[in-house]
Amino acid sequence: MFCRVSLFSNYLKSLSTNKITMKYNKKKQHHSVATSFTSALKNNNGINKKKINNNRSISTSRVQSENKMNMILYKKHGQHLLKNPGILDKIIYAAKIKSSDTVLEIGCGTGNLTVKLLPICKKVITVDIDARMISEVKKRCLYEGYNNLEVYEGDAIKTHFPRFDICTANLPYKISSPLVFKLIAHRPLFKCAVLMFQKEFAERMLANVGDRNYSRLTVNVKLFCKVIKICNVNRSSFNPPPKVDSIVLKLIPKETNFKISYDEWDNLLRICFSRKRKTLHAIFKRNAVLNMLEHNYKNYCSLNKVVPINYNFKKYCLDTLTYCELDDKRSINLDENDFLKLLLEFNKKGIHFFNISNINNKELGSILSDE
């Protein structure tokens, strides 16, 4: 009897010991789970954030547009895709596109503007340097049933533009200046170009005589085009957003009745705006400028069998400024008509503004000889 009681008491003790051990293990397990969860939260506080090396040319930004694409964008191409449909509509409305027009689009991106242009014009010609973008736009347009798209893969600055009526573009900022000059020189003339520029660049194009932003670009554009501001564009309208805001401008080419070489015109402006707050007399009396002009003058005389002047070329050059009553004027206070008057007067005296060191003899003869 006594043995049974002792066995039963030992059994109860073992049960209570097991219960205590189980409770302790459960508490320990719960504590370890909570600790691991907390540490995981701390470690993943910057989840999906990657260190980006600013020197790399590839951006880690990904695009998720309406067609659910997921694409890495390249910084070296200046790819910032316009995602604001309201801005796209303003661009199309400002262009006043007709059903018979051919539209040149520079930089198609993922096709957000392209698919809006295709149903309202005869044909869209798009140029893009990124083969992935072109491939996606072609697929997107075919999927939506459009067959009036013509694509060119390559650098827009180096690509020969076919005949077109209207140009639209969300330009990479780094090619804004060369592209504007290329459009200005394009023949035959087009109806208009509706382009998006960096705000600072657009303000230079819109500047008036005497403004701080008045520059060679301003004079170049205003001689050949009428510039109209369409709207401001906030940086949040792009994916990924750039560091600056933008402005949409409309350029309408002017019908010019004078024949001048655009290269010579641009070289004159380069000289005048090298120090835009100095007088033209101070600019043109510099040895570097006089040596270049005298070299060109002697080539002109040789090619056209003209006897050169037999007195100081510096006086010959500066007398031209005095004759035009521009010797004491500053470039920042002159408009495009003043510069045109100056160029024509220099040309009458056989003084030209070509950088002939880069031109061979055959080309030089055709450029400088009188027609």
Side-chain angles (χ1 to χ4, degrees), residues 52-63 65 71-84 86-88 90-91 94-95 104-114 126-130 132-134 137 152-159 161 167-186 192-207 211-222 225 227-251 266 270 273:
I52 301 173
N53 185 358
N54 293 328
N55 296 326
R56 292 181 64 195
S57 60
I58 300 178
S59 169
T60 56
S61 301
R62 291 183 179 271
V63 179
S65 63
M71 185 181 295
I72 295 176
L73 299 180
Y74 292 90
K75 287 183 179 179
K76 64 181 180 181
H77 297 326
Q79 292 174 334
H80 298 276
L81 306 182
L82 183 61
K83 64 180 182 179
N84 188 335
I87 302 299
L88 295 173
K90 287 181 180 180
I91 291 173
L104 173 67
E105 184 189 14
I106 300 169
C108 59
T110 56
N112 293 336
L113 179 59
T114 313
T126 186
V127 181
D128 203 298
I129 199 170
D130 194 340
R132 303 171 308 151
M133 297 291 184
I134 289 178
V137 168
Y152 291 89
E153 180 185 345
D155 188 345
I157 304 301
K158 300 176 182 178
T159 302
F161 292 158
C167 178
T168 63
N170 170 23
L171 293 176
Y173 295 150
K174 68 178 182 179
I175 68 166
S176 296
S177 183
L179 186 65
V180 167
F181 292 144
K182 182 173 182 176
L183 289 174
I184 287 174
H186 181 79
C192 71
V194 183
L195 311 172
M196 187 178 303
F197 299 102
Q198 181 181 347
K199 184 178 179 181
E200 183 179 301
F201 185 87
E203 287 175 346
R204 287 169 56 199
M205 295 177 67
L206 293 167
D211 289 351
R212 179 176 57 86
N213 292 324
Y214 192 68
S215 64
R216 176 177 68 95
L217 173 67
T218 313
V219 180
N220 255 322
V221 172
K222 289 193 173 182
C225 296
V227 185
I228 303 172
K229 181 179 178 179
I230 302 302
C231 65
N232 294 319
V233 183
N234 191 277
R235 66 193 73 181
S236 61
S237 298
F238 299 89
N239 185 21
K243 296 180 180 179
V244 294
D245 294 330
S246 304
I247 293 178
V248 177
L249 297 181
K250 182 176 182 178
L251 308 183
D266 190 49
R270 285 179 185 274
F273 280 93

Which value, rounded to the nearest 0.5 Å, describes the distance between [X] atom [atom1] and [Y] atom [atom2]?
X      : Y      : atom1 : atom2 : answer
Ile106 : Ile129 : CD1   : CD1   : 12.5 Å
Lys83  : Ser236 : NZ    : OG    : 7.0 Å
Leu251 : Met205 : CG    : CE    : 4.5 Å
Lys90  : Met196 : NZ    : CE    : 10.5 Å
Leu171 : Ser177 : CG    : OG    : 11.0 Å
Leu217 : Phe273 : CG    : CZ    : 10.0 Å

For Lys182, is the NZ atom crowded, meaning more than 12 foreign heavy atoms sit under 6.0 Å from it?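 Atom NZ in Lys182 is packed in, count exceeds 12.
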* To do: Can you establish whether the number of heavy atoms outside Glu153 located under 6.0 Å from its atom CD is more than 12?
  =>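 Yes - once you tally the heavy atoms of other residues, nucleotides and ligands closer than 6.0 Å, there are more than 12.
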Quick one: does [X]'s side chain get under 4.5 Å of [Y]'s, heavy atoms only?
X      : Y      : value
Gln198 : Val244 : yes
Leu82  : Leu88  : yes
Val137 : Asp128 : no
Asn84  : Val233 : no
Cys167 : Phe161 : no
Leu249 : Leu195 : no
Tyr214 : Val219 : yes
Ile91  : Ile230 : no

What's the shortest heavy-atom distance between [X] and [Y], and which atoms?
X      : Y      : result
Val180 : Phe201 : CG2-CE2, 4.3 Å
Cys192 : Ala95  : SG-O, 3.8 Å
Ala207 : Thr218 : O-CG2, 3.3 Å
Ile87  : Cys231 : CD1-SG, 4.3 Å

Worksheet item: Any donor-acceptor pair under 3.5 Å linking the side chain of Arg204 with the backbone of Asn213?
Response: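 Pair absent, no side-chain N/O of Arg204 close to backbone of Asn213.
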Check your understanding: Between Lys250 and Ala94, is there a donor-acceptor pair closer than 3.5 Å when you use the side chain of the first and the backbone of the second?
Key ->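 Judged by distance alone, yes, a pair lies under 3.5 Å.
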Query - Donor-acceptor side-chain pairing of Asn220 and Asp266 below 3.5 angstrom - result: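 There is such a pair (donor and acceptor under 3.5 Å, judged by atom type) between the side chains of Asn220 and Asp266.
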Worksheet item: Of Asn170, Thr168, Thr114, which is the lone residue that meets side-chain hydrogen bond (donor to acceptor under 3.5 Å, both in side chains) with Glu105?
Response: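 Testing Glu105 for a side-chain hydrogen bond (donor to acceptor under 3.5 Å, both in side chains) against Asn170, Thr168, Thr114 leaves exactly one candidate, Thr114.
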